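Everything numeric in this text was worked out from a predicted model, so none of it was measured.
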Amino acid sequence: MTVVRPVALFLTTLLVLSGCSLLQQKPVPLYQLDSGEALTPTRENGVTVLIGPISVADYLRQQNLLQRQADGSLVAAQDARWASGLANDIDQQMLRQLAWRLDSQRLALAPAAPGFSADAQVMLTITRLDSGPTQPAVLEAQWRLLDRRGQLRDSRLIRLEEAHGGALAEQVKAQSLLLQRLAAELAVAIQPIAAADPAPEAPRKKAPVAKAKPQEPDTAGPKIPVAEPIKIDTEVFRF
């Protein structure tokens, strides 16, 4: 009994200390991008738009929020994470924002289902979307717009900035505002392309048919066979 009591006391102390440390640990806050005032579109026969593919920089696929430092470096915040991933949030926010601004239910994220015919397609590349305690939120992106025939109609590089108060929640809100501003400019660029009538296809040129050359008249007159002698016992002329 004298051996068991110290061991039991030691184990009990460890359990109490571990329980206290677990109670003292704070849950890590999870963040999502905000869609702002985006409403559900009411028109069911609006323009048809294919959104994507949307490509984001590799560093934006981390689960932790990244903090831009004054020297330009990035540090992962240990006390803040994205709820469902920043790349997934960007896809969903662009879909909701463009559907609201174009007032159309007929938008889809790439890859679309078979048979989906779009009036316009948005191809988007986001190379930067971050902020820091003393650094503004910055969005750098490029979009390319294709018409219904797959022809490139518009291409643009864009850089947007948004100030904030420094707290993580304010940084996420500032990044959300940047995506909303991007969607607003995209919607303006999409409308004339999606509403334009399809250009008629140019008629195919038929291959030229080679004409037969007319036969030249024979000016020498009819040919008369020439008699050739055959030497045998009797002389015969063959025509």
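Using a 4.5 Å cut-off between side-chain heavy atoms of Ile, Leu, Val, Met, Phe, Trp and Tyr, with links allowed through other members, Leu160 and Ile190 fall into the same hydrophobic cluster. Each of Leu65 and Val138 belongs to its own hydrophobic cluster when Ile, Leu, Val, Met, Phe, Trp and Tyr are linked at side-chain heavy-atom distances under 4.5 angstrom. A continuous path of ILVMFWY side-chain contacts below 4.5 Å connects Leu74 to Leu139, so both sit in one hydrophobic cluster. Note: the hydrophobic cluster containing Leu177 does not contain Leu129 (ILVMFWY, side chain heavy atoms under 4.5 Å, direct or indirect links). Criterion: ILVMFWY side-chain heavy atoms under 4.5 Å apart, direct or through other members. Under it, Tyr31 and Ile90 are part of a common hydrophobic cluster.
Judged purely by atom type and a 3.5 angstrom limit, Arg148 uses its side chain to pair as donor or acceptor with the backbone of Ala196. Side chain of Thr127 to main chain of Glu140: a donor-acceptor pair is present (N/O by atom type, distance under 3.5 Å, no hydrogens or angles). Asp130 places no side-chain N or O within 3.5 Å of a backbone atom of Ala137 that could act as its donor or acceptor partner. No donor-acceptor distance shorter than 3.5 angstrom exists from the side chain of His164 to the backbone of Val172, with no hydrogens or angles considered. A distance-only check finds a donor-acceptor pair linking the side chain of Asp119 to the backbone of Thr48 [under 3.5 Å]. In this structure, Gln69 contributes its side chain and Gln67 its backbone to a donor-acceptor pair below 3.5 Å. Under a 3.5 Å cut-off, the side chain of Ser35 and the backbone N or O of Gln93 do not form any donor-acceptor pair.
In this structure, the side chains of Gln32 and Ser84 come closer than 4.5 Å at one or more pairs of heavy atoms. Contact check for Leu124 versus Ile126: side-chain heavy atoms found under the 4.5 Å cut-off. Considering only heavy atoms from C-beta on, Leu157 stays 4.5 Å or farther from Trp143 through its side chain. Here the side chains of Gln151 and Leu146 are not in contact, with every heavy-atom distance at 4.5 Å or above. Contact of the Tyr59 side chain with the Leu66 side chain is registered, since non-hydrogen atoms from C-beta on lie closer than 4.5 Å. Between Leu182 and Ile158 the shortest side-chain heavy-atom distance falls below 4.5 Å. Contact annotation: the side chain of Met94 approaches that of Ile54 to within less than 4.5 Å [non-hydrogen atoms, C-beta and beyond]. The shortest distance between side-chain heavy atoms of Gln105 and Pro41 falls below 4.5 Å.
Residue Leu186 holds its CG atom at 6.0 Å from CG of Leu145, rounded to the nearest 0.5 Å. Summarising the geometry, atom CD1 belonging to Ile51 is positioned 13.5 Å from atom CE belonging to Met123; distances are rounded to the nearest 0.5 Å. For the atom pair CD (Gln175) and CD (Gln180), the distance works out to 12.0 Å, reported to the nearest 0.5 Å. Here the CD-CZ distance, from Gln191 to Arg101, works out to 10.5 Å after rounding to the nearest 0.5 Å. Expressed to the nearest 0.5 Å, how far CG of Leu33 lies from CH2 of Trp82 amounts to 4.5 Å. Between atom CZ of residue Arg153 and atom CD of residue Gln121 there is a gap of 14.0 Å, rounded to the nearest 0.5 Å.
In the displayed structure, Arg106 atom CZ is contacted under 6.0 Å by more than 12 heavy atoms of other residues, nucleotides or ligands. Within 6.0 Å of CZ in Arg181 there are more than 12 heavy atoms belonging to other residues, nucleotides or ligands. Heavy-atom neighbours of Arg144 CZ from other residues, nucleotides or ligands within 6.0 Å: at or below the threshold of 12. More than 12 heavy atoms of other residues, nucleotides or ligands sit less than 6.0 Å from atom CG of Asn45.
Gln135 and Ala70 get closest at one heavy-atom pair: NE2-CA, 3.5 Å. Of all heavy-atom pairs spanning Ala76 and Gln62, the tightest one is CB-OE1, 4.4 Å.
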side-chain contact (heavy atoms from CB on, under 4.5 Å) evaluation trace for Ser131 with Arg68: CA-CA 5 Å; Ser131 56; Arg68 179 75 64 174; 5.9 Å; no
Working for side-chain contact (heavy atoms from CB on, under 4.5 Å), residues Thr42 and Asp103: CA-CA 6 Å; Thr42 57; Asp103 193 16; 3.5 Å; yes
From CA spacing to verdict: side-chain contact (heavy atoms from CB on, under 4.5 Å), Asp91, Leu95: CA-CA 6 Å; Asp91 289 350; Leu95 176 63; over 6 Å; no
From CA spacing to verdict: side-chain contact (heavy atoms from CB on, under 4.5 Å), Val56, Leu86: CA-CA 9 Å; Val56 300; Leu86 181 57; over 6 Å; no
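Note on Lys173 versus Glu162: no salt bridge recorded, every NZ/NE/NH1/NH2 to OD/OE distance being 4.0 Å or above.
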